[in-house]
Structures are given as structure tokens and as C-alpha cells.
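To start, the structure itself, in C-alpha cells.
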Amino acid sequence: MRLYNTLTRREEDFAPSQGRTVRMYTCGLTVYARGHIGNFRTFVATDVLRRALKHQGFEMRHVMNFTDVDDRTILESQKAGVPLREYTSRFIEAYLEDAVALGLEPVEENPRATDDENIAAMGETIKALERNGHTYASDGSIYFKISTLPDYGKLAHLDHTGIKSGARVDSDKYEKEDARDFVLWKATKADEPTWDPGIGPGRPGWHIECSAMALRLLGEPPIDIHAGGVDLIFPHHENEIAQSEGATGQQFSRFWVHVEHLMIEDEDQGTEKMSKSLGNVFNLADIVERGFRPSALRYLYLGTHYRKQLKFSWTAMGQAEEALKRITDFLARVDALPAAAERAADATAESTPSEAIAGKLAQASSAFAAHIADDLNTAAGLGVLFDLVRALNTAIDTGELGAADAPAVRAAFETFDKVLGVLALRRVEDERPPVPIDEIERLIEARKAARLARNFAEADRIRKDLDARGILLEDTGSATRWKRK
RNA sequence: GGCGCCGUCGCCAAGUGGUAAGGCAGAGGUCUGCAAAACCUCCAUCCCCGGUUCAAAUCCGGGCGGCGCCUCCA
């Protein structure tokens, strides 16, 4: 597996440092609002990474956190008049629902920053930093002193002298010795949640939770992979490195994987990234409200390489939906093959799998695997699927592909989907159609009878009725299939 | 102002030296009670200018345009 490493700015061969288990940490959501589709682009990308690594035979130990304490969560919970923990729990639940809807595999650990053991771990990390001389106290807060770490900035590659005019350095924190020093443990006001893990009362700074939780849950540094959105490179990940390496004296993470932004057209601003602070966000619920399925959104994510900005639009959503249908329609056609074969009068030579088909499948499988192993090129991988779909459709037309080949075809697509995770998601959605399945089947029978009686008016009425309720009927030669719109 | 990324068919999007994947839309056709759906076929020389090379979308230089980070942020 070739993986681009932000630390070295190069693609490198990836393998875990300890045995076959990949120890990976993903920066998750700050839970003061429902995650938007930009957030989920990152989460789907790391899900694909996770699946790809598993597919290569590695075990995963994957941690993804919830940031459930920071300025915003505190502010919003106070506004809502709800205790912080209870307030953030709502958005954690919402996240978990969206994650299922988008086909994200559950990760091994979903720690919350305010869990007792994590607060304790932060205390230990800060104590270690104090012992190593990386901290100073000021106005009741504890800060990280950047000048004590010579290679600070190695991830972001930010030239200190470059942070000058034009850059907005927060200037109201005069209690810091250096503008770039950052807070580890923050003094709290009377009405704010406060903890004291042996370092004095306060609350976590933004970065400390990830260092502490990653080290607590993933074992000896360095961990194998640390992932997140590109906007986290600086300052968040740079500071995580400073904290973790300052505390342990060892490299924090071997690979840093960053997912590019999801971009959206704004009427006034032009194209810009989707973010809560810009207020141009759509949630999964908004997608569904517009009549699109989560599987189509997942497909849309997969269609652009994770290190390139993804241009989101409702047009692109619709195109993703249609493209995904092309694959699922093909699979439905393959599933319908046995029935067709049984009817065929000359069902004699149709029982042996074709070597030519097996060859096409093997070729596509290895091409697909190569693209995934090439820094997760899912977009190119999808291209392989479509090439295969066309070739196999033609093979069905010519009779070269028969019912005997169906299991092999299905198996090949199952393998693709182990990484993509989009076809299985579709199937789950299809199990809950807008009209109950038994009713659909009853109506199909009624329509069949009407057609046999050449009562086409009634047949069309049934079809239109189902169509209006989101169910499409397709008459094939032998039978009538249905699918969700 | 600093650092970095990007600009490929109407739309989305692969491709980083060897002569332009794929999807959507569109056009034509097959199938069909009509239709829908589905399937097949067709459909680009890569923002501009200059350079390197036998050969460039791919490398170098200069433009123009877009975006990100430097501040909370996936």
C-alpha cells in the first residue's frame, strides 16, 4: 500500500510497525452541532483507508474521538441550558446515526474527551511535559512553550518568519510568552465545567485530548497513522506532535494522512470550503430531504481522490445517483440470469462457468486492487468497475456470460465493495423501500394479470401509482423487476 | 505578506514523459402493448505563452484564474 504522508510530503510504502495490527487515530467531530457532509467526507475517506488496510490482511486498532469540551460546546450547551455532557451526547448520537447511514464501519474505540480515564490521561501527559520542561503557567492556565522543541513545525512546514502581515494571529492572548505557544490546560470561569487531574483545576486545551487518548488507547509510540482533515494540519496536528513527542521523547505518528475539503458554491463568495463557521453546511438530513440517498453521497465521495478538493453540488449528487444505479442495475441483471436460463429451451451448455469471464474478472480485480493500493485511488477504481460492467453487459447480450458465471461475478463485486462499502449500503437501503415489499409484489402480480388480459389501462395505472410512490417497474423479457427510484 | 494545492469534453472526474480511463448529460440504435427502465454504439488533445525532449495533459519558466493553510474548523 502506497500512502501519501504529510510529514514527508511523499508517497511511501505503508506497513504497521508492530506485527499485523495497524494502530490508527482519526480526529473526529467537535460535537456542538450535527456533523456536515464535509466532515463526513473525511470520515468516509478514513473508513476507506481502514477497509483497504483490512483488505490487505491487516488488523485494525482504530480510534476516533469526540471532542466534547471546548469553547463552542460549552457556549452552546449553556445557551441551551443543558449540562455539557448531556448536550454533546445528542450530537454524538446523531453522528452515530449518520455514520451507519453512510456505511462507516464501527471503529474499535470512540473515546470522549471528558471520559474520566481520558481526563486522567491528559493530566499524566501534561505532567510529563512539565517534567521535561516544556510548559509554563500563566493566569491559572498551563501553556506549551514552543521554543523548547527545536523541530516544532515539521508537519506544517510553516516558516515562523512567514507568519507576519496578513496572517491573523490571535492578539488578545497576551498572557502567552510567544504568540504561537498554545494552551494545554485552560483556567475556567466559575460557570464552566472544571476538572483537576492533579495539575490544578481547569479544562482541556483543544489539542491535549488527542495526544492523551491516542497514547492511552494505541500503546507505545509511534502509532502507525494519524488522520484528519487538511485544516487540522496546523495548528492541531502540529501541536499534537509537540505534546506527544515532548511528553514521550519518541515520534508520535509515522504517517499523517489528510483529507482535502469538500467545496461548495456560495452565491456571494464563489467556491469555498464547507464549514460550520462559514455557515454553508449541509447535513446528511438535508441530502435525504432533497430526495437523495446516503449511498449516493458515499459514491460521490468515492468519485474524487481524497487529496483533491471535492466540488459538491446538487447536480453532482444527481450524477452520483445515476452512476451508482448503473452498477446496481447491472448486478440486478446478473441476479436475474438464472430465471432466464431456466426458461431457455436449449439450457444444455449453460452450466459451466466461462473461462473468458473468469479472466475478465481476475483482470479487473487486480487492476482495482492496484488503484486502491496506489494511495487509495477510488476514482480510478470505480473506472475499472464501469469498464467491467460494460464488458459483462455485452457478454450477457452475446450469451457469453450465463447463469453459471453469476456467482463469480457477484463475488468479484463483493470484493470491490469490501473497500468501497457502497453496494452493501445500497442493499440495506433497498431493504426498506418506501412501499412495503409484499405490497409491491402483490401489485406486480395484479399488473401482470391485467397485461395478460390486455387491460393496459389498468396495468399502466398500477405502474404510475407505484412510480408516484418512489417505486420503478421494469419489464424485462421474462419478468417484472422493481427498484427504488 | 508567507507556505501549498489546483485548472482535463456541457457537468463530475482518473491519468505526473510515450501519444487522453470512467460516470452524468446529449445523439443514434436494440428491446417493448405503448412507455419507462435497461443494454449497445458515438461523443475531448488537456487555461494561455515560451522552453526542455525523439516524444509533454504530464518536466521547467512566465502569465491568467480558482482554492486551502498561516485564526475556530473535517
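Letters go in sequence order (proteins before strands), and every chain restarts at 1. Since we're looking at a predicted model, the values are computed, not measured.
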* Asked: What distance, rounded to whole Å, do you find between the two C1' atoms, one in G51(B) and one in U8(B)?
  -> 22 Å
* Asked: What interatomic distance, in whole Å, is found between C1' of G23(B) and the corresponding atom of G18(B)?
  -> 27 Å
* Answer with base, sugar-phosphate or nothing: what part of the nucleic acid does Glu272(A) contact at a heavy-atom distance below 4.0 Å? => sugar-phosphate
* Structure fact -> Note: contacts of residues 67-78 of chain A with RNA chain B (heavy atom, under 4.0 Å) are none
* To do: Quickly work out the Phe182(A) CZ to C70(B) P distance and round it to whole Å.
  => 15 Å
* Got Tyr299(A) and Leu423(A) here, is their nearest side-chain heavy-atom distance under 4.5 Å? -> no
* Could you measure between the two C1' atoms, the one in C46(B) and the one in C40(B), and give it in whole Å? => 28 Å
* To do: Go ahead and name the base partner of C59(B); Watson-Crick or wobble counts if both distances stay under 3.5 Å, otherwise write none.
  => G51(B)
* Just call it for Ser275(A): base, sugar-phosphate, or nothing, with non-hydrogen atoms closer than 4.0 Å on any strand. => base
* Electrostatic pair Arg426(A):Asp417(A) at N-O distance under 4.0 angstrom -> no
* Asked: How many angstroms lie between CG in Asn118(A) and CG in Leu217(A), if you round to the nearest 0.5 Å?
  -> 6.5 Å
* Looking only at side chains, do Asp68(A) and Tyr87(A) share a donor and an acceptor under 3.5 Å apart? -> no
* Report which part of the nucleic acid Leu262(A) touches: base, sugar-phosphate, or nothing (heavy-atom distance under 4.0 Å, all strands). => base
* Structure fact -> In Watson-Crick or G-U wobble terms, with both distances under 3.5 Å, the base opposite G65(B) is C6(B)
* Asked: Looking for any heavy atom pair under 4.0 Å, which part of the strands does Met263(A) touch: base, sugar-phosphate only, or nothing?
  -> sugar-phosphate
* **Sugar-phosphate only, base, or nothing, as touched by Lys276(A) at under 4.0 Å among non-hydrogen atoms** => sugar-phosphate
* Structure fact -> Heavy-atom contacts, protein to nucleotides 32-40 of chain B, under 4.0 Å, summarised as B (base), S (sugar-phosphate only) or - (none) per nt, yield -BBBBSSSS
* When all nucleic acid strands are considered with a 4.0 Å heavy-atom cut-off, which category describes Ile233(A): base, sugar-phosphate, or nothing? -> nothing
* Between U58(B) and C49(B), how far is it from one P atom to the other, in whole Å? -> 13 Å
* To do: Sugar-phosphate atoms are those with a prime plus P, OP1 and OP2; base atoms are the rest. Using that split, label each nucleotide of nucleotides 4-14 of chain B B, S or - for protein heavy atoms under 4.0 Å, 5' to 3'.
  => --SS---BSSS
* Starting at CZ of Phe40(A), measure out to CZ of Arg34(A) and round the result to the nearest 0.5 Å. => 7.5 Å
* **Side chains of Thr394(A) and Asp397(A), donor plus acceptor under 3.5 Å** => no
* Please list residues of residues 30-39 of chain A whose heavy atoms come under 4.0 Å from any atom in RNA chain B, ordered by number; otherwise none. => Thr30(A), His36(A), Gly38(A), Asn39(A)
* When rounded to the nearest Å, what value does the distance between C1' atoms of C31(B) and A37(B) take? -> 11 Å
* Counting only Watson-Crick or G-U wobble pairs whose two distances fall under 3.5 Å, which nucleotide matches U45(B)? -> none
* With ring centroids as reference points, do Tyr301(A) and Phe312(A) lie under 6.0 angstrom apart? -> no
* Asked: Across the strands shown, which category fits Gly28(A) at heavy-atom distances under 4.0 angstrom: base, sugar-phosphate, nothing?
  -> sugar-phosphate
* Asked: What residues, two or more places apart in sequence or in another chain, satisfy side-chain hydrogen bond (donor to acceptor under 3.5 Å, both in side chains) together with Arg326(A)?
  -> none
* **Listed partners of Glu429(A) passing side-chain hydrogen bond (donor to acceptor under 3.5 Å, both in side chains), at least two apart** => Arg293(A), Ser295(A)
* Asked: Between C59(B) and G68(B), how far is it from one C1' atom to the other, in whole Å?
  -> 25 Å
